[in-house]
Protein chains: 2
Amino acid sequence: MAIDKEINAEQKIIEAAADIFEEKGFEGARMQQIADKAGINKALLHYYFRSKDLLFEKVFLNIASKIFLKFFKSFNIEGSIFENIETFLQLHQDLLYENRKLPIFFFNEITRNPDLIRKLMLKLEVSNSFQLILKQFEKEKRDGIIRHDVEVSHLLVNIISLSVFPYIGRPIIKEIMEEFDLNYDTFLNERRSMIAQFVINSIKV
Amino acid sequence: MAIDKEINAEQKIIEAAADIFEEKGFEGARMQQIADKAGINKALLHYYFRSKDLLFEKVFLNIASKIFLKFFKSFNIEGSIFENIETFLQLHQDLLYENRKLPIFFFNEITRNPDLIRKLMLKLEVSNSFQLILKQFEKEKRDGIIRHDVEVSHLLVNIISLSVFPYIGRPIIKEIMEEFDLNYDTFLNERRSMIAQFVINSIKV
DNA sequence: GTCTATATTGGGATAGAC
DNA sequence: GTCTATCCCAATATAGAC
């Protein structure tokens with residue numbers, strides 16, 4: 001038989017499940033929908049993954065790992081901290097733009113089931129990766145590149161807040177903007193350079 | 001009969017439903033749980049609200065209206081823009097601290113059903129209230145109090161992002177902080193003054 | 001208005017043929 | 001491995017007594 005000429009059922013299921021879960025969340029997703037989207041039968045879902053819970057966990061960790069790895073990779077850049085922040089934000093925005101539904105899905109699921117975070121952290125070195133970033137920030141502070149009163153953990157949360165939140169608040173921001181004949185996508189695009197400027201203004205000495 | 005000595009069933013249902021829906025979301029909530037919490041029978045839920053959908057819509061609009069009104073009220077303050085931002089952020093943080101589960105609930109529900117936003121906007125003057133805030137910002141810009149290159153709609157979204165996001169990301173932030181023996185509540189408290197400082201540093205001329 | 005009992009359907013899961 | 005048919009429970013909703 002041909003080597004992987006046809007993508008196998010297991011993979012088709014994972015991809016279909018990812019779409020449906022992201023769209024509807026765990027509670028809202030239906031095994032039937034996933035089967036339909038994967039072009040296979042409902043029974044096969046259980047053959048491969050035993051239960052909805054197990055399928056979800058597999059898919060969730062898959063999605064989250066992929067995105068976190070890309071996220072962390074975007075921080076490993078030479079150059080000044082200001083350039084780093086700008087580059088990181090550009091990549092971060094690309095990532096978000098291509099995965100608009102991911103943030104609300106991710107945060108909703110970990111809120112309903114915090115155990116997912118622990119499992120994710122076992123799979124990846126989440127804490128360590130964050131710590132590396134924080135150490136980089138600390139160094140810039142010691143070197144007098146950024147203000148001495150900047151608390152690095154807050155700085156990191158601030159950067160993430162500024163880039164992620166507009167995607168979480170999408171429905172209401174979009175609706176309000178449209179009332180004033182403004183375009184939400186244009187708004188997101190403006191933020192690419194704006195956020196970096198906002199952060200840099202705030203932390204430079 | 002005594003005038004409202006005992007809170008009536010309808011009100012008890014609304015309060016119980018608010019708790020359960022906030023905790024579990026629309027899809028995860030169970031009519032039985034709501035009835036139990038309200039101390040009444042399941043059938044009574046349908047007697048008063050006809051269906052889960054209708055009960056949810058009522059409760060959602062209730063909760064959202066209350067919070068938005070408080071939110072907007074906190075902006076109507078005399079004084080300099082910098083004082084305003086500080087006062088607003090203090091009140092906003094109080095509001096969030098007392099309603100920790102609300103942000104993820106709110107944003108998740110409007111994502112799954114954007115029609116809720118339209119209904120909310122019909123009930124309240126959401127857009128107008130935001131526009132008032134933006135006009136205030138514009139004036140400060142014209143008066144040279146804040147940098148001329150600050151785009152006011154982004155400024156508003158930035159302020160909201162910085163205060164709301166840490167509540168949405170609570171499970172993961174908390175987990176990571178605990179790995180480093182840091183306390184999430186302390187972190188939130190530090191942000192009360194930190195955010196205002198961060199924003200002001202960024203926009204002052 | 002409030003209850004008990006029951007209808008009804010939706011959806012996750014399994015049995016068993018092929 | 002993949003399918004059809006079916007089970008079975010959970011959850012929304014309704015009927016009808018009081």
Side-chain angles (χ1 to χ4, degrees), chain A residues 1-63 105 108-109 112-113 115-116, chain B residues 1-63 105 108-109 112-113 115-116:
Chain A
M1 52 237 157
I3 22 146
D4 275 345
K5 183 161 185 183
E6 287 260 325
I7 192 168
N8 64 15
E10 191 168 358
Q11 194 53 33
K12 276 194 295 189
I13 292 171
I14 287 183
E15 283 168 21
D19 281 357
I20 302 290
F21 280 133
E22 269 188 53
E23 178 82 23
K24 306 284 179 80
F26 174 77
E27 294 281 0
R30 296 291 164 251
M31 295 296 265
Q32 185 62 61
Q33 278 187 297
I34 295 173
D36 291 349
K37 186 144 200 169
I40 50 94
N41 191 277
K42 222 179 18 163
L44 215 51
L45 296 180
H46 290 91
Y47 172 79
Y48 279 110
F49 299 95
R50 189 140 200 97
S51 73
K52 187 184 179 185
D53 286 82
L54 290 174
L55 172 58
F56 177 79
E57 189 173 309
K58 176 95 178 180
V59 165
F60 176 87
L61 292 177
N62 245 2
I63 297 176
F105 165 72
N108 188 50
E109 298 304 336
R112 309 278 170 231
N113 178 10
D115 224 46
L116 291 169
Chain B
M1 53 237 154
I3 23 148
D4 275 346
K5 183 162 187 184
E6 287 260 326
I7 191 168
N8 64 16
E10 191 168 357
Q11 194 54 33
K12 277 195 294 189
I13 292 171
I14 287 182
E15 283 167 23
D19 281 357
I20 302 290
F21 280 134
E22 268 189 51
E23 178 81 24
K24 306 287 180 78
F26 174 77
E27 294 282 359
R30 297 291 164 250
M31 295 296 265
Q32 184 62 60
Q33 278 188 295
I34 295 173
D36 291 348
K37 185 144 202 168
I40 49 94
N41 191 276
K42 225 177 19 162
L44 216 52
L45 296 179
H46 290 91
Y47 172 77
Y48 279 111
F49 300 96
R50 190 141 197 97
S51 74
K52 186 183 179 185
D53 287 82
L54 289 173
L55 172 58
F56 177 79
E57 188 174 310
K58 176 97 176 177
V59 165
F60 176 88
L61 292 177
N62 246 3
I63 297 175
F105 164 73
N108 189 48
E109 298 303 336
R112 309 276 172 232
N113 178 8
D115 224 46
L116 291 169

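Letters A, B, ... are given to chains in the order of the sequence lines, protein chains preceding strands, and every chain is numbered from 1.
- In this structure, the separation between OH on Y48(B) and CD1 on I40(B) is 8.5 Å, given to the nearest 0.5 Å.
- Under the side chain to side chain donor-acceptor pair (under 3.5 Å) criterion, E10(B) pairs with no residue, sequence neighbours left out.
- A heavy atom lying under 4.0 Å from DNA chain D marks the following residues of residues 34-41 of chain A, by number: I40(A), N41(A).
- The two atoms that bring I13(A) and I34(A) nearest to each other are O-CG2, 4.3 Å, heavy atoms only.
- Side-chain contact between F49(B) and V59(B) is absent, with no heavy atoms from C-beta onward closer than 4.5 Å.
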Counting only pairs under 3.5 Å, give me each side-chain donor-acceptor contact of residues 22-33 of chain A, with atom names and distances, residues two or more places apart or in other chains.
{"unit_1": "E23(A)", "atom_1": "OE1", "unit_2": "K101(A)", "atom_2": "NZ", "d": "2.7"}
{"unit_1": "R30(A)", "atom_1": "NH1", "unit_2": "E27(A)", "atom_2": "O", "d": "3.2"}
{"unit_1": "Q32(A)", "atom_1": "NE2", "unit_2": "D36(A)", "atom_2": "OD1", "d": "3.0"}

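- Residue pairs that meet the salt bridge (charged side-chain N to carboxylate O under 4.0 Å, His left out) test with at least one member in residues 38-54 of chain A, sequence neighbours left out, do not exist here.
- For N41(A), the side-chain contact (heavy atoms from CB on, under 4.5 Å) partners are A43(A), not counting sequence neighbours.
- For DNA chain C, the span of nucleotides reached by chain A at under 4.0 Å from its heavy atoms goes, 5' to 3', from dG11(C) to dA15(C).
- If you take CD1 on I63(A) and CD1 on I14(A), they are separated by 10.0 Å, rounding to the nearest 0.5 Å.
- Listed by chain and residue number, E57(B), K119(B), L120(B), K123(B) satisfy the side-chain contact (heavy atoms from CB on, under 4.5 Å) test with L61(B) (two or more places apart in sequence, or in another chain).
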*Tell me, for nucleotides 6-13 of chain D in 5' to 3' order, what letter each nucleotide earns: B for a base near a protein heavy atom under 4.0 Å, S for only sugar-phosphate near one, - for neither?*
-----SBB
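- N108(A) CG to R112(A) CZ: the interatomic distance, rounded to the nearest 0.5 Å, is 4.5 Å.
- Among residues two or more places apart in sequence or in another chain, the salt bridge (Lys or Arg N to Asp or Glu O under 4.0 Å) test is passed with D19(B) by K37(B).
- Every residue two or more places apart in sequence or in another chain that forms a ring pair (Phe, Tyr, Trp, His ring centres under 6.0 Å) with F21(A) is listed here: F56(A).
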_Secondary structure of DNA chain C in dot-bracket form (Watson-Crick or G-U wobble, distances below 3.5 Å, | marking inter-strand pairs)_ = ||||||||||||||||||
